[in-house]
Every structure is written in C-alpha cells, then in structure tokens.
> 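First, the structure itself, so that you have it in front of you.
Here is the naming used below: chain letters follow the sequence lines, and residue numbers restart at 1 for every chain.
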Protein chains: 4
Amino acid sequence: MLNRVILIGRLTRDPELRYTPAGVAVTQFTLAVDRPFSNNQGQREADFIPVVTWRQLAETCANYLRKGRLAAVEGRIQVRSYDNNEGRRVYVTEVIADNVRFLESANSGNRDEGMGMGAGSGGDGGGYRGGYGGGRSQQQDPFQDDGKPIDISDDDLPF
Amino acid sequence: MLNRVILIGRLTRDPELRYTPAGVAVTQFTLAVDRPFSNNQGQREADFIPVVTWRQLAETCANYLRKGRLAAVEGRIQVRSYDNNEGRRVYVTEVIADNVRFLESANSGNRDEGMGMGAGSGGDGGGYRGGYGGGRSQQQDPFQDDGKPIDISDDDLPF
Amino acid sequence: MLNRVILIGRLTRDPELRYTPAGVAVTQFTLAVDRPFSNNQGQREADFIPVVTWRQLAETCANYLRKGRLAAVEGRIQVRSYDNNEGRRVYVTEVIADNVRFLESANSGNRDEGMGMGAGSGGDGGGYRGGYGGGRSQQQDPFQDDGKPIDISDDDLPF
Amino acid sequence: MLNRVILIGRLTRDPELRYTPAGVAVTQFTLAVDRPFSNNQGQREADFIPVVTWRQLAETCANYLRKGRLAAVEGRIQVRSYDNNEGRRVYVTEVIADNVRFLESANSGNRDEGMGMGAGSGGDGGGYRGGYGGGRSQQQDPFQDDGKPIDISDDDLPF
DNA sequence: TTTT
DNA sequence: TTTT
C-alpha cells in the first residue's frame, strides 16, 4: 500500500551499469549507511544497502556516482527471490530508487580524483548542482528527478 | 534537493474539488494528524495540515474521501505566498500529494454514512481496495499510484 | 547517515514475540506491501518485508497485531548476516521499527477473529485509537510513539 | 497518527539560537529546497521551509550550521497559530526536526565564511563527520542522532 | 565482498 | 513459507 525509503550514505564501490536483454539500463550500487548508535564495543557499524536504478536514472548514476561519494536515495524496498545452485531459495532485498541526489561532486571534499579542478576552486557550492560532464554518456541535467510532475502555476490555483 | 512528506490522519471536512482556468482538476482537503505526545494539560493535540492533489488523483480523492476518513498521504511541502487585501504578505504551506491511500472505506469502521452496506457485511477487508463506486465520476482503479513506474520483470535482471 | 522507511501493509501471520537471553522483548512479523504496479501477467504482486520491534513496542505489537491486519510501520533498514550450516554467508534485511500504527482494530473490517467484540459493534471509529484491551499484557496506551519527545508549549517559543 | 518529513536543502541564513523562559534551547533556520521541476518561465524555484530544533540538537545546529550549508532534516510538520496585532489569526507551519545531518563542513565547498579554516585546507573529506570545533558551546559528537535507541547485539536475537 |  |  505504501513503501517509501530514504537513505543517505556512501557508495562502497563504483556503480555497475548493465542492460537487460531488452536493452533497458539498470545500475546497481551499495550504500554504506552508518547506524545511529554504537555497538557493544563502542564502534559505529554501518548497514550496506543494495540500491537499483533503472533507465535514465541508471545512466545518470553510472555517470556521476563513484566509490566513496555521498548520495541521497529515495525509493521503495523490493524483495525478490531465486533458487541458488544448491536448490536453496535465496531472498534479495534491494531499494529500487526513483530519485538519487549527488551530495558530493568529483571536486568537492578531499576526494580529488584528477578532475582538474583546483582545491578551493570548488565552484559554486558543489556537486549537487552538477553539470561538470565527463561521464560515460551525455545528459542534460543529471540532478533532475525521474518522472516527477511538471509545474502548474500557483496563480492558476482556484482556491 | 529532496522534499518528502508522509502523513496519516483524518479529513476534517469533505474534500473540495475545483478546476483551474485551464481545466485542470485540483482538490484540497485538510488532514488532522494527532501529535505523538500530550500537551501540558495532558491532552493530545493535532496538526491540521492542508493537502492539495492535482489531475487524476484530485478526481479520485474527491470521489472517495470524506470527512472523518483515515488516509495516508505522500508528497512534498510547498510554500506559496500572496498579498492579502490589507497589503500583507501571507504564506501558505501545503502538502502537494502524489500518492494518497484510503485506509477506510465508506463501510468500514463506525462511520456508516448510508452507503447501504450492513454493519458486519464489511466486505472483503475494506476501503483500501475500493471499487464500490458511487463517486462524482468514474475511475478504473482509484488506488493506483500517480505516475509511478511500470513493471520490469525481475527475470530480466542482468545481475 | 540517514535511513528512514515507512511502510503500510498487512501482516502475513500473527506476530512472534520472543525474549533475548537478557530478557528484552522482540517481536517479528512480516508485512505484505502491494507493489504500485502490475506485472507482466497483469497481476499485482506484493513485497514481503520482515519487521522487527523491540521492548515496549514489541509487547504492544504482539498484543494488538494479528494476521491480516493493516499497519503502518516507521523505522530503518538493517542488514545482518550469519553463516548457515552449509558455511554460506546469509544476509538478512529487516526493518527495525520505532513506530507502529494499527490501522485496523480487531473489530473493524470483516476480519472478526473471535476477539469477543460483536460484529457491527464497530466502536468509536476504530482501531487506531485502541484501548480495547484483551492482549497478552497490560499497557496504558498502545498507540503511543516509542521514545518520542515530550511537549514544549508553543507559548514558550522565544520567536 | 503519522507525520514524517525529510528535507535536503541549504540554509538561507545563519541559524538563530534562543532560549525559552524555562531555559530550553531552540534554534530556528530556514531551508531552501529546490523544487523538482521548472516553472513556466523555465526557472527552478525553491520552497523556503522553516525548521525548528530543540535542546541538544538546537545547540548543535547553532554551532555547526551556517548560511548556505547543505543539510538533511528529519522531523514532523507542526502548525501553530497566533493572533497578530491586527487581530487576524496567523498560521505558522514549521518542521520540528529530531534529526539533522550536516552534509557540508565549513571547509568543504566554496562557502568559506571566515571560520578560520583556510580555503583549500580541504580537511579530512568532510563535514558530515564534524569535530572541527569552534562553536558557541562544546559537544562530544554533533553528528549523533537525538534520542535514538541504543544498540542491542544481533547475537542476542532469539530468532 | 564493503563507505568516510 | 506469505496479506487483502
């Protein structure tokens, strides 16, 4: 009936872009999300949560996300299952994202990976504004929502 | 960058369906949402939160929601402003919903409003499945999401 | 950094209440949450999502939730793992709930399971208000939040 | 019954820390949250959403947030009203936050506002970990949740 | 199998 | 292993 997830965390690896037989883009990555408390040994653990994105958003994620980057993800929990080679049923729980926000650009923070933007030249506040290009394919605005509604002017409001 | 609201509460009145000059359906209603604590006098207060829905979802809400019904709403906070007749700027905060779930049908609970369904005949578990008709217009499935993605078979997964 | 889940669905079975060696109450149940679209065969599938609650909330859930009931759950995704008897690492993903809302009482809807409340005795509007007692243990208000803040009067606001 | 908001946006000004007559800390700030679409003139608008935090979290926000910084906020919508000097009832809608994440430190991004940390001193990568001190009061870990539960070892799980 |  |  309702199934909504919002996560903020860091990618444990570069995202993996694949295509279905029908040619639909899918990318998979895992977010490490720190738990809001410490364990018995006083350490902060993290949950490693698999995220899947489809189509345009998949391409964008593959282009702009990298290992270690901070991202916000909105989506729903999905549980699928398959039988492994030992004949055991395996359950896979993933977050199917419909909105991903890049909270760090390649050049923000300390993770300077040779994008050629000098330290401190950090631009206008960074990453979340995007547009620095250089990905595997070309997009207009990688920071747009996926399939969100179009504007209706407030002035039209009949109230 | 990210703006997500989820509410569960009861309608304070019947929803109001209007149309913009351009003919787009909008419906407005207010949800009373009980606060999760009691005030100094030991009473539970509620927040009265205005909700706006557009287009198809607006029609559906107008058809199926009524004063007192329990509903879940998903959307985003929007703040608009206008100048009132005293020349003061007035700010209006509303939740623009993109998903509404009807958690009570006309015949569930005690709010029997003459739908002609006997107490106890409660049907197949109620409200959230809808389809009992009788609204201002005809819909196929009022309990569908608004603009949510279509299925891609898990079997196509390239992982 | 941030990990928030909100679900509305139905219990697939009665909840299971256990106690840790240290005597802490835990209850586990699974929510069936309908997907917001139909699959290739035109059928609506559901995700079956395991939910875990602790302490007071665990007791309350054990007392008031039953198979088939509609509930709203707020919490975070947690992933734990263990090695099974074949020496394979198994990952378990659960929603650790910190807030559960009972959207249907024993006597609302049609699912009369012998709670001893007559069909049609529909009560005062149902379930979410609770207090009809009869559970495995005694609670004051089973519909309170778990560990949420206490009121501070708006009148004290220094703004 | 349920009231949950998650926002990511930028502070429009430095936060304002006040104290109630009873000495409880409150801080107020406004988040600018870009809308997920463009308006009729092709421009991206933003919603300016007032946020209120209390007690320890209020102190932390006052210490670590500044105009222009990116933050994630979790909380609930609250509506209060008062009568203004013209005798008109004014409604104020605010997000009462119970969790705030600082997505940018003083030294990440370009918004160096004289915190005394040199531009380009990029630090340890980042903001969300905090600990660079210099605030109005001293905290242990400003990036902890406010009132979230303490760990119970998975190994105790009776399932 | 994990991020900072 | 699943709910309506």
> Roughly how many Å is it from CZ in Arg35(C) to P in dT3(F), rounded to a whole number?
16 Å
> Distance check needed: dT3(E) P versus Leu2(C) CG, whole Å only.
21 Å
> Which heavy-atom pair separates Val33(C) from Asn3(A) by the least distance, and what is that distance?
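Smallest interatomic distance, heavy atoms only, reads CG1-CB, 3.9 Å.
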> For the pair made of CZ in Arg10(C) and P in dT3(F), what is the distance, rounded to whole Å?
12 Å
> Starting from P on dT2(E), measure out to CG on Leu7(A) and report it in whole angstrom.
19 Å
> Return no unless some side-chain N or O of Arg69(C) is found under 4.0 Å from OP1 or OP2 of dT3(F).
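Checking Arg69(C) against dT3(F): no side-chain N or O falls below 4.0 Å of OP1 or OP2.
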> Compare the minimum distances between each of dT1(E), dT3(F), dT3(E) and the side chain of Asp34(C), then state the nucleotide with the smallest one.
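Among the listed nucleotides, the one closest to the side chain of Asp34(C) is dT3(F).
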> For the pair made of CG in Leu11(C) and C1' in dT3(F), what is the distance, rounded to whole Å?
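Atom CG in Leu11(C) sits about 8 Å away from atom C1' in dT3(F).
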> Give the rounded distance in Å between these two atoms: CG of Asp14(C) and C1' of dT1(F).
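Checked: the CG to C1' distance equals 15 Å.
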> Gln41(A): what forms a side-chain hydrogen bond (donor to acceptor under 3.5 Å, both in side chains) with it, not counting sequence neighbours?
none
> Which one, dT1(E), dT3(E), dT3(F), comes nearest to the side chain of Thr12(C)?
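The answer is dT3(F), which lies nearest to the side chain.
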> Among all residues two or more places apart in sequence or in another chain, which pass the side chain to side chain contact (heavy atoms under 4.5 Å, CB included) test with Arg13(C)?
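Listed in chain order: nothing, the list is empty.
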> Side chain of Arg89(C), heavy atoms from C-beta onward: which of dT1(E), dT3(E), dT2(E) has the nearest atom to it?
dT1(E)
> Specify the separation, in whole Å, of atom CE of Met1(A) and atom C1' of dT3(F).
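After rounding, the gap between these two atoms is 12 Å.
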> Could you please name the option among dT3(F), dT2(F), dT3(E) that lies closest to any side-chain atom of Ala32(A)?
dT3(E)
> With a cut-off of less than 4.0 Å, is there a side-chain N or O of Arg13(A) near OP1 or OP2 of dT1(E)?
no
> Run through Gln78(A), Gln28(A), Arg80(A), Arg76(A) and flag the one making a side-chain hydrogen bond (donor to acceptor under 3.5 Å, both in side chains) with Glu94(A).
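Exactly one pass, corresponding to Arg80(A).
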> Compare the minimum distances between each of dT2(F), dT3(E), dT3(F) and the side chain of Lys67(C), then state the nucleotide with the smallest one.
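For Lys67(C), the side-chain atoms sit closest to dT3(F).
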> Which residue, Val95(C), Ile49(C), Val73(C), forms the side-chain contact (heavy atoms from CB on, under 4.5 Å) with Val5(C)?
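When side-chain contact (heavy atoms from CB on, under 4.5 Å) is applied between Val5(C) and each of Val95(C), Ile49(C), Val73(C), only Val95(C) qualifies.
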> In this structure, how many angstroms lie between the P atom of dT2(E) and the CD1 atom of Ile77(C), rounded?
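Answer to the nearest Å: 19 Å.
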